[in-house]
2 protein chains.
Amino acid sequence: MSTVRKAIELLNWFSADRSQISLAEFQRLTGRDKATTYRYLTALEETGLLEKDPVTRVYRMGPAVLRLAHVRESTVPRRAGVRLVLPRLAEATGELAHASILQGHSLVALTDHASTRHSARVVLDEPELPLHATGSGLAVLAYADPALLKVTLKNLKRYTDHTQTTRNELESALETVREIGFGIVDQGYEENVFGIGVPLFDSSDRVAGSVAVASVATRIDANAIALTKCELIKAARQITHSWGGSVPDDLDQIWSDTLSSLSNEFNFHREATA
Amino acid sequence: MSTVRKAIELLNWFSADRSQISLAEFQRLTGRDKATTYRYLTALEETGLLEKDPVTRVYRMGPAVLRLAHVRESTVPRRAGVRLVLPRLAEATGELAHASILQGHSLVALTDHASTRHSARVVLDEPELPLHATGSGLAVLAYADPALLKVTLKNLKRYTDHTQTTRNELESALETVREIGFGIVDQGYEENVFGIGVPLFDSSDRVAGSVAVASVATRIDANAIALTKCELIKAARQITHSWGGSVPDDLDQIWSDTLSSLSNEFNFHREATA
DNA sequence: CAACGAGGGTTCAAATAATGAAACAATATT
DNA sequence: AATATTGTTTCATTATTTGAACCCTCGTTG
């Protein structure tokens with residue numbers, strides 16, 4: 001592996017949880033030589049990708065990454081496409097709508113939008129969403145390269161009592177996703193949060209992210225799920241379109257079927273209560 | 001210079017204006033060998049810092065930078081410190097308040113009062129502010145490393161009839177900034193916009209950004225300027241503090257003097273009109 | 001359509017930069 | 001004050017980088 005790559009991969013040790021790392025800690029994490037690690041870190045610091053606290057000498061993410069992210073967003077404006085859709089999705093469902101993008105092996109929250117309707121809302125703090133334990137994650141896994149599943153299987157962390165942590169459970173869940181066109185996870189990541197997610201596609205027609213609705217689990221019922229599904233389909237189609245991608249034919253067909261059957265049912269309910 | 005650094009510095013060629021760069025173009029830009037450049041780019045691509053269009057083979061900023069920016073923001077929440085202050089500043093002055101951070105040789109907008117509400121996450125959508133043509137820019141230049149001035153002098157773009165585009169004009173303007181503690185630019189960047197900016201400092205006690213108020217030029221008078229100055233000083237002190245920095249003694253003294261003399265004048269006016 | 005040019009990608013010996021053990025320095029910790 | 005831990009520099013050895021040259025593909029041109 002190239003020196004450049006080895007050095008840059010040090011950045012991957014940082015996360016919201018582990019946001020400050022010292023030289024000694026890097027040594028332990030990577031198992032590499034101290035002097036080498038030191039020089040890598042120095043190089044990263046010189047470029048502004050990292051920043052060293054002058055007092056404690058721990059390293060943290062540097063200011064340069066903000067500029068790079070700015071350029072990225074101006075080049076590939078994912079956010080812009082999402083921002084038009086999320087508020088509507090949140091309002092229509094009355095729940096928290098959020099979108100994430102797939103980066104390498106992790107799903108990273110892009111933006112979220114809470115509805116104004118309910119005061120007891122679901123709040124997302126975590127930037128990374130576990131692929132095996134969220135509706136977004138399942139939706140992505142089901143349509144992504146099988147290699148991603150392989151990597152994911154290596155670490156099926158348990159978040160709640162409902163988290164599915166075995167290979168079999170996950171594989172059958174993905175089978176279901178492919179059948180119904182949605183990733184649904186009931187309290188698998190956070191207690192009392194019910195999530196429904198759908199995949200998003202970019203111009204390469206591969207999975208590029210997901211959009212999802214997170215509801216308070218006690219508030220959800222068949223009607224709410226039906227509504228959420230309809231809105232999610234609309235949102236996913238729109239975002240995928242704005243990203244220059246297109247929904248795979250098989251999935252698009254499933255969604256169309258879902259829409260027509262659900263809209264019947266939904267109209268029926270509305271007429272019955274009217 | 002280390003290989004790592006040389007490779008990473010390729011990222012600096014990207015900007016909002018030049019967001020896609022081919023291998024051949026890199027070769028011309030850097031004057032370096034093709035094979036070497038190719039390997040650098042490949043390494044950057046492997047880490048996700050860059051992304052190569054599979055069809056055209058041009059390189060663009062990769063998705064990994066979004067994750068890094070997210071970590072950066074969760075580690076050093078510049079926005080958080082700014083968000084507490086900007087709305088108050090905007091309300092007190094009745095004008096547009098905005099903050100920017102210095103990244104390398106450019107000043108990038110962080111947030112402004114109008115757009116803070118839903119862009120809660122990481123990425124910046126606002127363009128770069130020219131250092132020589134805005135109140136923010138002058139404020140930063142006056143207190144930044146002289147090297148920054150050197151770089152800035154290389155490209156004094158004209159934006160309006162009022163833009164100062166000569167070395168002498170700029171240098172004397174900076175002299176003024178250091179005397180009065182404010183960067184003031186009357187329609188130097190946009191027609192009919194009057195800007196007043198002050199520098200912000202981070203934990204290394206170097207200039208890290210600026211906060212400024214942009215007013216409609218026809219609406220500004222001595223009173224409004226006095227008010228804006230008072231509010232800017234308060235805001236800058238607070239943000240600098242929240243960033244772990246401190247205002248340099250000489251500047252802090254100037255600001256204190258300004259505050260006391262202006263508050264006198266301002267009280268006088270209020271009493272006169274009351 | 002053959003020749004040409006431009007750009008992307010690969011090869012290989014020579015040159016150079018990376019490596020890691022060890023020494024040293026500066027802080028924490030006991 | 002003694003000791004342990006962490007950060008930084010040195011230097012001979014080693015492995016990686018380097019760049020000229022070459023190949024391949026594609027689009028253009030005489």
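The model shown is predicted, which means the values in this text are computed figures rather than measured ones. To find a chain, count down the sequence lines: A is the first, B the second, and so on, and within it residues start at 1.
No engagement by B:Arg5 is indicated, since no non-hydrogen atom pair under 4.0 Å with the nucleic acid exists.
For the side chain to side chain contact (heavy atoms under 4.5 Å, CB included) with A:Ile21, the lone residue among A:Leu29, A:Val58, A:Leu10 that qualifies is A:Leu29.
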*Evaluate the criterion side chain to side chain contact (heavy atoms under 4.5 Å, CB included) for residue pair B:Ser2 and A:Arg39; output intermediate values, then yes/no.*
CA-CA 9 Å; B:Ser2 71; A:Arg39 280 185 298 259; over 6 Å; no
*Worked verdict on A:Leu50 versus A:Arg60 for side chain to side chain contact (heavy atoms under 4.5 Å, CB included)*: CA-CA 6 Å; A:Leu50 286 185; A:Arg60 56 169 173 257; over 6 Å; no
_For a side chain to side chain contact (heavy atoms under 4.5 Å, CB included) check, start with the C-alpha distance between A:Trp13 and A:Arg18, then their side-chain angles and the critical distance, and finish with the verdict._
CA-CA 8 Å; A:Trp13 292 101; A:Arg18 195 194 271 123; 4.1 Å; yes
*Determine, stepwise, if the pair B:Asp257 / B:Gln253 fulfils side chain to side chain donor-acceptor pair (under 3.5 Å).*
CA-CA 6 Å; B:Asp257 294 344; B:Gln253 189 57 52; 3.2 Å; yes
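A salt bridge between A:Glu175 and A:Arg178 is present, with a side-chain N of the basic residue lying under 4.0 Å from a carboxylate O of the acidic one. By the 4.0 Å N-to-carboxylate-O rule, A:Arg78 lies close enough to A:Asp202 to be salt-bridged with it.
The nucleotide range of DNA chain C contacted by chain A, defined by atoms under 4.0 angstrom from heavy atoms of the protein and reported 5' to 3', is C:dA18 to C:dT27.
Residues B:Phe26 and B:Phe14 place their aromatic rings such that the two centres sit under 6.0 Å apart.
Five base pairs at each end of the helix from C:dC1-D:dG30 to C:dT30-D:dA1 define two local axes, and these are offset by 30° (rounded to 10°).
Summarising the geometry, the separation between CD1 on A:Ile21 and P on D:dT6 is reported as 15 Å, rounded to the nearest angstrom. Between the CZ atom of A:Phe26 and the P atom of D:dG7 there is a distance of 11 Å, given to the nearest Å. The separation between A:Arg57 atom CZ and D:dT9 atom C1' is 13 Å, rounded to whole Å.
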For nucleotides 25-27 of chain D, tabulate all protein N/O to nucleotide N/O atom pairs closer than 3.5 Å, reporting atom names and distance.
none

Each nucleotide N or O in nucleotides 12-22 of chain D that has a protein N or O under 3.5 Å away: list the pair and distance.
| unit_1 | atom_1 | unit_2 | atom_2 | d |
| --- | --- | --- | --- | --- |
| D:dT16 | O3' | A:Thr3 | OG1 | 3.3 |
| D:dT17 | OP1 | A:Thr3 | N | 2.7 |
| D:dT17 | OP1 | A:Thr3 | OG1 | 2.8 |
| D:dT18 | OP1 | B:Lys6 | NZ | 3.3 |
| D:dT18 | OP1 | B:Tyr40 | OH | 2.7 |
| D:dT18 | OP2 | B:Tyr40 | OH | 3.3 |
| D:dG19 | OP2 | B:Arg32 | NH1 | 3.0 |
| D:dG19 | OP2 | B:Thr36 | OG1 | 3.2 |
| D:dG19 | N7 | B:Arg39 | NH2 | 3.3 |
| D:dG19 | O6 | B:Arg39 | NH1 | 3.4 |

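Using a 4.5 Å heavy-atom cutoff, the side chains of B:Phe182 and B:Ile233 are in contact. Within the 4.5 Å cutoff, the side chain of B:Leu66 has heavy atoms near those of the A:Gln103 side chain.
Within the structure, every side-chain polar atom (N or O) of A:Tyr38 is placed at least 4.0 Å from both OP1 and OP2 of D:dG7.
Residue pairs meeting the side-chain hydrogen bond (donor to acceptor under 3.5 Å, both in side chains) criterion with at least one member in residues 134-159 of chain A, sequence neighbours excluded, are A:Ser136-A:Ser210, A:Arg158-A:Thr165.
No more than 12 heavy atoms of other residues, nucleotides or ligands sit less than 6.0 Å from atom CZ of A:Arg167.
Residues that satisfy the side-chain contact (heavy atoms from CB on, under 4.5 Å) test with A:Ala236, not counting sequence neighbours, are A:Val198, A:Leu200, A:Val211, A:Trp255.
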